[in-house]
S.K.: 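Starting off with a structure, shown below.
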Amino acid sequence: MPGQTDSMTIEAKPGTDILTGSSALNMRMSVSALVCLFVIGPMFFLLMPLYVGALADYVGLNNQQVGTLSSLELLGSCLASLSGLLWIRKANWQKTAAICAFALLSLNLLSMLVSDSLAMLIPIRIGAGFSSGCLLAIAIAALGDTARLDRNFALAVAGQLTVSGLLFFVLPRLILQKGVNAVFGTFAACAVVALIACIFVPSQGREHAQLRWTGGVAWRPLWGLAGSTAFFVAQTAFWVFIERMGVDAQFSPDFIGTSLGVSTLLSIGAALGVGWISQTFGRFRVMLIAAFGELACLAALVEGFSATTYFITVVLFQICWNGWVPIQMANIAAVDVSGRLTVLIGLFQAMGVATGPVLVAQLLTGGSFLPVNIVSGVFVVLAILLFSPIAIQRRSTKQV
């Protein structure tokens, strides 16, 4: 690459197309299957507010226990992403995804049988988190190999929002009838869909260039990856307890579920339209706007807020959150000259996701949720600071 030969050397294998890759990856059914895995992999996190509420109300867990169990499940997903560094470019993606989807189905059915025992749920949910994380790792790696990755990642994020948004409308009523087993049953049903989708998952990705690290240029994406971790600490710290904050304010389960569902569905437009907006205003400016929007939401949801404030704040927070995510991925990819570190996005997000709930859980005392707002706000600011070097480097090198 011109101007960067002093920092790194890229060697392509003879006959390898390092731009477009395997045609199988870009087939419509393959992309649809990968989007499906991208949606189902983190479903337990996307539905975390209802999941946490069901654990608290029907299993009888307190805030600390709920936060710890959630973090352990998220830790399982994080370990899956970490292990992916060893197998993601060696394993048969189709077979591995099928095994993980079957394991996810089995573990969720088993969770329904032992849902009243925290001691038995812990190892089962860690295993479920690991299986989910493997599905997500395959989806990210494969979508990152497609020719139109910007569009495909946008579709994947929009798919997450659509499915989880619809479930926010349906699940509260099912939880009232079946308790936490309604959540585990939903996760099991998602695993069945993932198992079917595996029929169309490609067995491998495209050939990659061989990278030798000798300078600082190749390490630039690490700023963005660290910023991604900080951002997801902020999101998880808030998202895990947003349902409990509504319950504490004495709002009805239907109102809380409707607020979460509407917010998720409205944020689909943010995920799909943010590419055009960033071209007009610049990626980093849009990230700043989203960050300030989230900080305003956190300030509004201090004790004593009204139902209207809760609804508007949840909607705005989701829009800012899901508008940030595609730009975050694009920013990391824009400075990733090798295309290798982009695969680690899932790992660094998982580390943030796993850290947020357990961090806040240790600070929740006396029934006040103020630590949620404080921790989330601090890590939103940290995320912006960590992405700043990328923005400065891109301006200095006139990258687009």
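What you see is a predicted model, and the numbers here were worked out from it, not measured in a lab.
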S.K.: Under a 3.5 Å distance rule, please check whether Ser388 uses its side chain to pair with a backbone N or O of Ile384 as donor and acceptor.
M.R.: yes
S.K.: Take a 6.0 Å sphere around CZ of Phe169 and say whether it holds more than 12 heavy atoms from other residues, nucleotides or ligands.
M.R.: yes
S.K.: Minimum heavy-atom separation for Ala194 to Ile40, with atom names?
M.R.: N-CD1, 3.6 Å
S.K.: Tell me the closest heavy-atom pair linking Thr355 and Met351, and the distance in Å.
M.R.: OG1-O, 2.7 Å
S.K.: Is a side-chain donor or acceptor of Asp248 paired with a backbone partner of Arg244 at a separation under 3.5 angstrom?
M.R.: no
S.K.: Closer than 3.5 angstrom, by distance alone: can the side chain of Asn373 be matched with the main-chain N or O of Leu298 as a donor-acceptor pair?
M.R.: yes
S.K.: Looking at Phe184 and Tyr51, what are the two nearest heavy atoms and their distance?
M.R.: CE2-OH, 3.5 Å
S.K.: Keeping Thr236 on the side-chain end and Gly356 on the backbone end, is there a donor-acceptor pair under 3.5 Å?
M.R.: no
S.K.: Any chance you could measure Met43, atom CE, to Leu136, atom CG, to the nearest 0.5 Å?
M.R.: 11.5 Å
S.K.: Restricting to non-hydrogen atoms, name the atom on Ala307 and the atom on Phe255 that form the minimum distance, rounded to 0.1 Å.
M.R.: O-CZ, 3.3 Å
S.K.: Quick check for you: to the nearest 0.5 Å, what is the distance between Ile124 atom CD1 and Ser117 atom OG?
M.R.: 8.0 Å
S.K.: Minimum heavy-atom separation for Leu47 to Phe187, with atom names?
M.R.: CD1-CE2, 3.9 Å
S.K.: Would you say the side-chain atoms of Ser267 pair up with the backbone N or O of Ala270, donor to acceptor, closer than 3.5 Å?
M.R.: no
S.K.: Would you say CZ of Phe292 has more than 12 non-hydrogen atoms from neighbouring residues, nucleotides or ligands within 6.0 angstrom?
M.R.: no
S.K.: Can you measure from CZ (Phe102) to CG (Leu195) and round to the nearest 0.5 angstrom?
M.R.: 8.0 Å
S.K.: Got a donor-acceptor contact below 3.5 angstrom from the Gln94 side chain to the Pro202 backbone?
M.R.: no
S.K.: Under the 3.5 angstrom rule, does the side chain of Gln160 hit a backbone N or O of Ala156 as a donor-acceptor pair?
M.R.: no
S.K.: Is there a donor-acceptor pair closer than 3.5 Å between any side-chain N or O of Thr309 and the backbone N or O of Phe305?
M.R.: no
S.K.: How close do Ser77 and Phe44 get, heavy atom to heavy atom, and via which atoms?
M.R.: CB-CZ, 4.1 Å
S.K.: Would the distance check show the side chain of Ser376 and the main-chain N or O of Ala234 forming a donor-acceptor pair, the cut-off being under 3.5 Å?
M.R.: yes
S.K.: Knowing that exactly one of Leu171, Ile242, Val315 qualifies, which makes a side-chain contact (heavy atoms from CB on, under 4.5 Å) with Leu260?
M.R.: Ile242
S.K.: For Leu364, is there any backbone N or O sitting under 3.5 Å from a side-chain donor or acceptor partner on Gln64?
M.R.: yes
S.K.: Would you check if there is a donor-acceptor pair between the side chains of Gln328 and Trp324 at a distance under 3.5 Å?
M.R.: yes
